[in-house]
Amino acid sequence: MGFSDGLAEAARKIEAHLRLVLSEFDSNLPVVEAMGYAVGGGKRLRGYLALEGARIHGIGPDRAIWPACAIEAIHAYSLVHDDLPCMDDDDLRRGLPTVHRKWDEATAVLAGDALQTLGFEMVSRSECHDNAVVRADLALSLAQAAGARGMVLGQALDMAAEQATTPLTLDQITDLQAGKTGALFEWSAEAGARMAQADIVPLTGYARALGLAFQIADDVLDIEGDAAQMGKAVGKDADRGKATFVSLLGLDGAKRRAERLVTEACDCLSVYGAEARNLQEAARFVISRRT
């Protein structure tokens, strides 16, 4: 199955499995309803990377679906909190009202908290892997990727930059985005190798380059993207005078940097040969997408 079909199939499987897991909760609670709302839709690229990385390491889809859904739950939590008025203050996400707009801020905070912990629950369940050591490694590495060593650190640096009097340098933005965007991509790509207790280094290098390319593409879309097509506001970074890859490199320079990163990502996969073709296509997809 090629990348496009595989991504669509992965999205369907992840959606169904998340619904199955959420059916274990009291669906009458607003927080549970908000959790289901928050995990709906999206490209599921992070989950796809987990599934595909598992496939090339011989891990079956019945096992791989757990880390794939875990990373999507963690990603959804980060978006719910990122949209809050105290952070990015967004009214739309994927063309729909953000969770705090559809419910209220307290429900959004709690739904995000619950999705975060659900991610750790899913990689800790015996259905994910028979070996408790492997499950512990998945949970520990996910905590490091999602917390103050990874995504949360990147978010904190981003918020601090908005209050700073001096714009960030290119190196500082690169470090910031390696945490804010890249850390979850890295864990996604590595998850299958961790489940197989194999070398994660090739996939770490791949995902590190892919994550930066993804963020550069986001910066480009903030300039060139269509709000209706993207389902969220565009131009916010420029309105805030925020330093981005585009503001520092220029539009063409940013696009060239993203292309070089995609080449770097694909080169990291050479050890897998033809088995990595779909992951290489995923890297190319991140800079060609329109949403």
Side-chain angles (χ1 to χ4, degrees), residues 42-43 45-46 49 75 78-79 81-83 87-90 92-94 145-146 149-189 203-227 229-269 279-291:
K43 292 176 283 294
L45 182 58
R46 293 160 188 79
L49 294 180
H75 177 54
S78 74
L79 298 181
H81 284 188
D82 197 42
D83 289 337
M87 294 188 71
D88 274 3
D89 194 15
D90 280 311
L92 290 176
R93 172 69 65 180
R94 296 166 182 163
R149 289 182 174 87
M151 181 188 69
V152 170
L153 173 61
Q155 289 276 30
L157 292 173
D158 195 26
M159 293 179 67
E162 291 189 9
Q163 306 301 320
T165 56
T166 304
L168 296 182
T169 65
L170 183 60
D171 285 344
Q172 288 172 322
I173 291 176
T174 300
D175 289 342
L176 182 160
Q177 296 299 350
K180 183 179 178 182
T181 303
L184 294 191
F185 275 118
E186 286 183 34
W187 188 89
S188 303
L203 288 166
T204 302
Y206 161 79
R208 191 163 293 160
L210 178 147
L212 283 175
F214 185 96
Q215 184 57 49
I216 292 172
D218 260 11
D219 289 352
V220 169
L221 286 171
D222 195 59
I223 301 296
E224 295 186 333
D226 177 78
Q229 187 176 4
M230 294 180 67
K232 62 180 182 179
V234 297
K236 292 185 69 174
D237 290 343
D239 291 344
R240 294 173 177 174
K242 186 175 178 181
T244 67
F245 287 107
V246 171
S247 70
L248 292 176
L249 297 173
L251 197 55
D252 290 339
K255 290 178 180 179
R256 287 194 296 271
R257 174 67 66 90
E259 289 168 359
R260 288 196 298 272
L261 285 164
V262 167
T263 299
E264 179 183 333
C266 292
D267 288 346
C268 288
L269 300 174
L279 288 177
Q280 291 174 333
E281 287 300 316
R284 298 184 185 103
F285 164 77
V286 303
I287 62 169
S288 64
R289 62 196 168 89
R290 303 309 302 166
T291 61

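Count residues from 1 along the sequence.
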Atom [atom1] in [X], atom [atom2] in [Y]: separation rounded to 0.5 Å?
| X | Y | atom1 | atom2 | value |
| --- | --- | --- | --- | --- |
| H81 | D88 | NE2 | CG | 13.5 Å |
| L79 | M87 | CG | CE | 10.5 Å |
| L251 | I223 | CG | CD1 | 7.0 Å |
| T291 | D218 | OG1 | CG | 9.5 Å |
| L203 | L269 | CG | CG | 6.5 Å |
| M151 | H75 | CE | NE2 | 9.5 Å |

Original post:
Which pairs count as salt bridge (charged side-chain N to carboxylate O under 4.0 Å, His left out) when at least one residue sits in residues 203-212, sequence neighbours excluded?
Top reply: E186-R208

**OP:** Could you list all the side chain to side chain donor-acceptor pair (under 3.5 Å) pairs where at least one residue sits in residues 167-180, not counting sequence neighbours?
**Re:** D158-K180, T169-Q172, Q177-T181

Subject >> Side-chain donor/acceptor of R289 to backbone N/O of F214, under 3.5 Å >> reply: yes

Subject >> N/O donor-acceptor pair under 3.5 Å between D219 side chain and F245 backbone >> reply: yes

Original post:
Could you walk me through whether L279 and L210 pass the side chain to side chain contact (heavy atoms under 4.5 Å, CB included) check?
Top reply: CA-CA 10 Å; L279 288 177; L210 178 147; over 6 Å; no

Subject >> Derivation of the side chain to side chain contact (heavy atoms under 4.5 Å, CB included) call for V246 and D222 >> reply: CA-CA 9 Å; V246 171; D222 195 59; over 6 Å; no

Using atom types as modelled, flag every donor-acceptor pair under 3.5 Å from a side chain in residues 257-268 to any protein atom, sequence neighbours excluded.
from	atom 1	to	atom 2	distance (Å)
T263	OG1	E259	O	3.3

